[in-house]
Amino acid sequence: MSTRCSPLPRSGFSPFRPRSGRHAHVGAALSLALSVGGAGAAERNAVELDRVQVVSTATRSERLLADVPIRTEVLRGEDIALRAVTDFSRVAELITGLRVESNCQNCNTSEVQLLGLGGAYNQLLFDGAPLLSTLGSVYGLEQIPAALIDRVEVVKGGGSSLYGPGAVAGVVNLIPQQPVRNGGFVQVGTEVQRGAPAWSVDGRGDLVSDDGRGGLSVVGQWSTSDAIDFNGDGYSEIVDKDQRVAGAQGWYAPNDTATLRANYLFTHETRRGGNRFDQPEWLANIAESLDTDYHRGGVHWDQRLGDDADVTFGYSFAFIRRTSFYGGLGEVATDPADPAFDPDALDPRVPGSAAATSFDQYGYTENPLHYLDSQFNLRRGAHALAFGVQYKRESVRDDRRNAAGDTLLRGARERFSNLGVFVQDEWTVGEAVDLVLGARVDKHSALRDAIVSPRLALAWQASEAWKFRAGVSTGFRAPEVFSEDLHVDTLGAEPIRIRNADDLVEERATTAMLGLDWRTGDGRLTWDATASLTALRDSFVLSEIREDAVGLYQVRENAGGAQVAGFETNLGWQAGDTVRLTTGVAWYRSRFDAAQTVFDDSEDGGDTVIATRDYLKTPRWSGQAQLTWSPSSLLDAYVGVKYTGAMWALNNNSARLARTPTFWVVDAGTTWHLGRGDRHWDLALGMRNLLDQRQKDLETGAGRDSDYVYGPRFARSVYASARFNF
């Protein structure tokens with residue numbers, strides 16, 4: 001496996017040449033970015049990574065990673081390939097402080113947590129443009145093939161003004177590969193969990209013109225898995241899923257000063273959880289199913305105006321069309337041999353029957369998103385100025401239907417937009433000091449007034465070994481439709497909808513960060529530490545479950561505020577020419593200023609009220625470590641450990657706030673490289689979650705609280721894959 005740095009994708013970021021004469025120091029944040037390879041690869045990485053020039057998501061400029069004033073972590077494609085993962089939801093778990101949390105026992109929806117905050121506080125980008133719409137955030141993490149990703153750049157905190165006001169916790173940017181030759185790969189893999197195999201086939205083909213001015217990459221992936229029941233109650237914990245992805249990205253440079261880039265990706269996915277998979281959803285005791293068509297893509301024009309100026313214009317879009325089902329028969333006997341069996345209960349023509357209710361529990365949702373982006377860059381002496389205008393428009397249509405496809409209720413018809421203007425100055429104050437000054441002005445359609453969000457970052461190279469970083473940023477979340485509104489937790493057969501309170505106002509956020517990086521002169525030992533504090537004002541919270549003539553619902557309201565304090569540290573050690581150890585630990589305390597009611601059954605005649613200041617399903621401690629061994633050019637091996645600390649989880653059925661156990665997930669695997677040159681095989685074999693660390697008190701039956709799920713998403717499994725590179 002090559003250890004050479006992959007060619008830089010243009011990515012729409014302005015070319016910025018780092019000033020000469022400064023020694024480049026890569027902080028320990030790059031410890032995750034070590035690529036694995038044959039004998040001698042580790043030694044080369046130890047001394048060469050500090051000279052790697054990457055596209056900086058933080059500043060939208062091509063520059064040395066160590067020179068980026070805003071702390072950026074990079075995960076390279078070699079690390080992704082070593083773990084033999086096929087989608088982004090598992091890629092994300094390889095970065096310290098970046099957690100993927102499961103939120104539903106029925107359908108396995110998940111979200112990325114960053115800086116101790118939920119998925120609504122960070123932005124997921126593809127090649128610098130928003131990747132996920134409101135609805136796409138619910139299941140989109142599993143719909144991004146790893147074959148598209150050359151590397152992942154993570155900016156923690158909102159220190160950059162180039163991204164939207166909601167990027168309070170940070171930005172995760174998926175950088176695609178721009179190949180320099182004709183070729184590609186084809187791969188087939190399987191993963192067996194609890195005796196049930198999941199299969200995947202994926203590949204990519206690259207075509208580059210003889211003059212190097214244009215190229216086209218085509219990618220495809222098919223994956224399928226059967227439903228898995230962990231606790232033997234007849235109801236699934238892992239969904240039955242079939243997913244097909246196809247896409248392409250192309251580029252063309254008509255001259256030395258301009259580049260046109262375009263990309264498109266289509267995903268078709270069907271998934272279903274619950275029971276009675278041989279029957280239509282409305283004849284299941286409980287079912288949650290989705291049939292989704294997801295289109296996304298964009299086109300960008302990069303124009304260099306001279307040695308000191310360039311401009312980028314871009315348009316991106318996403319469109320989701322989804323049919324869904326949430327509900328079921330409930331605790332109704334479906335076996336004719338059962339003495340309680342009543343055929344009328346399964347007949348939708350019988351008024352008041354369980355089937356008559358479940359027959360009408362289908363939905364139809366459309367969610368288009370359009371995004372326009374422009375940025376002008378000007379370099380004058382010690383200043384690199386960026387100006388830009390961004391416009392985002394999104395709408396949501398959510399209807400209720402029956403099994404015959406008839407529309408029963410016209411639901412949400414939400415439309416919202418945001419117009420943002422930003423300015424940012426990367427100021428080289430001196431040989432050792434960089435300052436980033438920026439501000440955004442955003443006018444959201446749900447708000448009466450425009451909001452100004454100033455942001456600042458400072459980097460000081462104190463010596464060849466030490467670098468200090470600091471930053472302060474502000475942002476907000478507007479009272480619009482969020483991803484959790486479009487996912488329904490199912491209690492029995494009754495869906496729960498989320499409504500906004502009439503007096504709901506925007507949520508304001510201020511984040512402060514302070515960090516330092518240290519490394520030895522030869523780069524074999526690196527360490528970093530970062531402390532952060534995020535203060536939220538008028539933070540959004542969900543009320544306890546209520547009921548009216550329409551059904552069950554929760555209300556999104558403003559709380560007084562919240563604070564999220566955190567600390568992260570990473571250590572990288574090049575133990576020898578063939579051995580590398582990386583490890584990281586994160587601590588976050590996410591708490592509301594005042595206790596929030598999360599359960600109250602007094603309206604139903606009960607006497608239980610549960611309130612807490614702690615964020616639910618957000619552990620204080622998390623961490624990971626990975627040991628890689630590359631004894632020769634024929635073999636790579638790794639052992640990885642992921643730790644998830646205890647957290648609070650609400651069980652609505654038993655009306656209790658549970659303190660979860662801690663989890664240690666151990667993975668191990670090897671990859672053999674057979675053949676030479678561009679045409680060779682990569683054969684991978686390994687195990688995930690060797691100790692089978694997962695939730696043991698899973699809810700059971702048709703009336704289970706599907707939201708009471710936490711911790712590792714998968715049980716012990718064995719995986720194998722074969723990849724042919726050409």
Side-chain angles (χ1 to χ4, degrees), residues 103 111 117-124 130 132-138 158 163-169 318 320 365-371 390-398 410-421 440-453 473-489 496-511 534-546 548 550 552-564 590 592-594 596-598 615-616:
N103 287 327
E111 70 171 359
L117 292 163
Y121 294 90
N122 59 66
Q123 274 193 330
L124 187 61
L132 299 178
S133 63
T134 292
L135 184 56
S137 303
V138 182
Y163 301 101
V168 174
I320 297 179
T365 307
E366 288 185 357
N367 179 207
L369 176 148
H370 302 278
Y371 181 76
Q390 299 165 340
Y391 178 74
K392 175 183 175 182
R393 180 178 177 85
E394 185 172 2
S395 62
V396 177
R397 169 190 173 186
D398 193 28
R410 288 170 55 87
R413 294 291 193 278
E414 299 286 345
R415 293 181 178 85
F416 42 91
S417 62
N418 186 82
L419 177 63
V421 179
R440 293 185 60 90
V441 179
D442 291 276
K443 177 61 179 71
H444 195 282
S445 59
L447 303 175
R448 184 180 63 181
D449 300 321
I451 296 179
V452 179
S453 302
S473 62
T474 60
F476 69 92
R477 294 172 69 203
E480 59 185 32
V481 174
F482 297 103
S483 58
E484 61 264 29
D485 301 8
L486 301 172
H487 166 259
V488 181
D489 298 326
I496 305 171
R497 296 290 181 180
I498 296 175
R499 307 172 184 174
N500 285 339
D502 293 337
D503 57 349
L504 192 68
V505 299
E506 75 273 8
E507 180 180 18
R508 298 291 190 105
T510 301
T511 300
T534 300
L536 302 176
R537 189 179 68 199
D538 295 321
S539 53
F540 296 147
V541 296
L542 293 177
S543 71
E544 71 279 2
I545 298 172
R546 303 169 183 174
D548 61 11
V550 178
L552 299 177
Y553 68 97
Q554 290 177 284
V555 177
R556 180 182 289 108
E557 303 169 318
N558 290 117
Q563 287 194 354
V564 180
S590 308
F592 294 103
D593 294 340
Q596 304 298 310
T597 300
V598 295
Y615 281 30
L616 299 182

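Residue numbers start at 1 and run along the sequence shown.
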Interatomic spacing from NZ in Lys443 to CZ in Arg448 - rounded to 0.5 Å: 10.0 Å
Contacts of Ala594 that satisfy side-chain contact (heavy atoms from CB on, under 4.5 Å) - sequence neighbours left out: Gln596
Verdict with supporting geometry, Ile451 and Arg508, side chain to side chain contact (heavy atoms under 4.5 Å, CB included): CA-CA 10 Å; Ile451 296 179; Arg508 298 291 190 105; 3.8 Å; yes
Gap separating the CZ atom of Arg393 from the CG atom of Asn418, nearest 0.5 angstrom: 12.5 Å
Considering all heavy atoms, the nearest Val441-Ala450 contact: CG1-CB, 4.1 Å
Full working for side chain to side chain contact (heavy atoms under 4.5 Å, CB included) between Leu369 and Lys392: CA-CA 7 Å; Leu369 176 148; Lys392 175 183 175 182; 3.6 Å; yes
Pairing residues for Tyr615 by the ring pair (Phe, Tyr, Trp, His ring centres under 6.0 Å) criterion, not counting sequence neighbours: Phe592
Residue pair Leu504 / Glu557: nearest heavy atoms and the distance that separates them: CD1-C, 3.6 Å
Interatomic spacing from CG in Leu536 to OH in Tyr121 - rounded to 0.5 Å: 5.0 Å
Nearest heavy atoms of Val168 and Leu117, plus distance in Å: CG1-CD1, 4.3 Å
Distance-minimising heavy-atom pair for Ser590 and Val564: OG-CG1, 3.5 Å
Residue pair Thr510 / Thr474: nearest heavy atoms and the distance that separates them: OG1-CG2, 3.8 Å
Ring pair (Phe, Tyr, Trp, His ring centres under 6.0 Å) partners of Phe476, counting only residues at least two apart: none
Atom pair NE2/CG of His444 and Leu419 - distance to nearest 0.5 Å: 11.5 Å
Distance-only donor-acceptor check, side chains Arg440 and Tyr163, under 3.5 Å: no
Side-chain donor or acceptor of Ser445 paired with backbone N/O of Ser417 under 3.5 Å: yes
Candidate pair Glu394 and Asn367, rule side chain to side chain contact (heavy atoms under 4.5 Å, CB included), full reasoning: CA-CA 7 Å; Glu394 185 172 2; Asn367 179 207; 3.0 Å; yes
Least distance between heavy atoms, Leu447 atom then Glu506 atom: CD2-OE1, 3.4 Å
Evaluation steps, side chain to side chain contact (heavy atoms under 4.5 Å, CB included), between Tyr391 and His370: CA-CA 8 Å; Tyr391 178 74; His370 302 278; over 6 Å; no
Inter-residue atom distance Tyr371.OH - Gln390.CD, 0.5 Å rounding: 3.5 Å
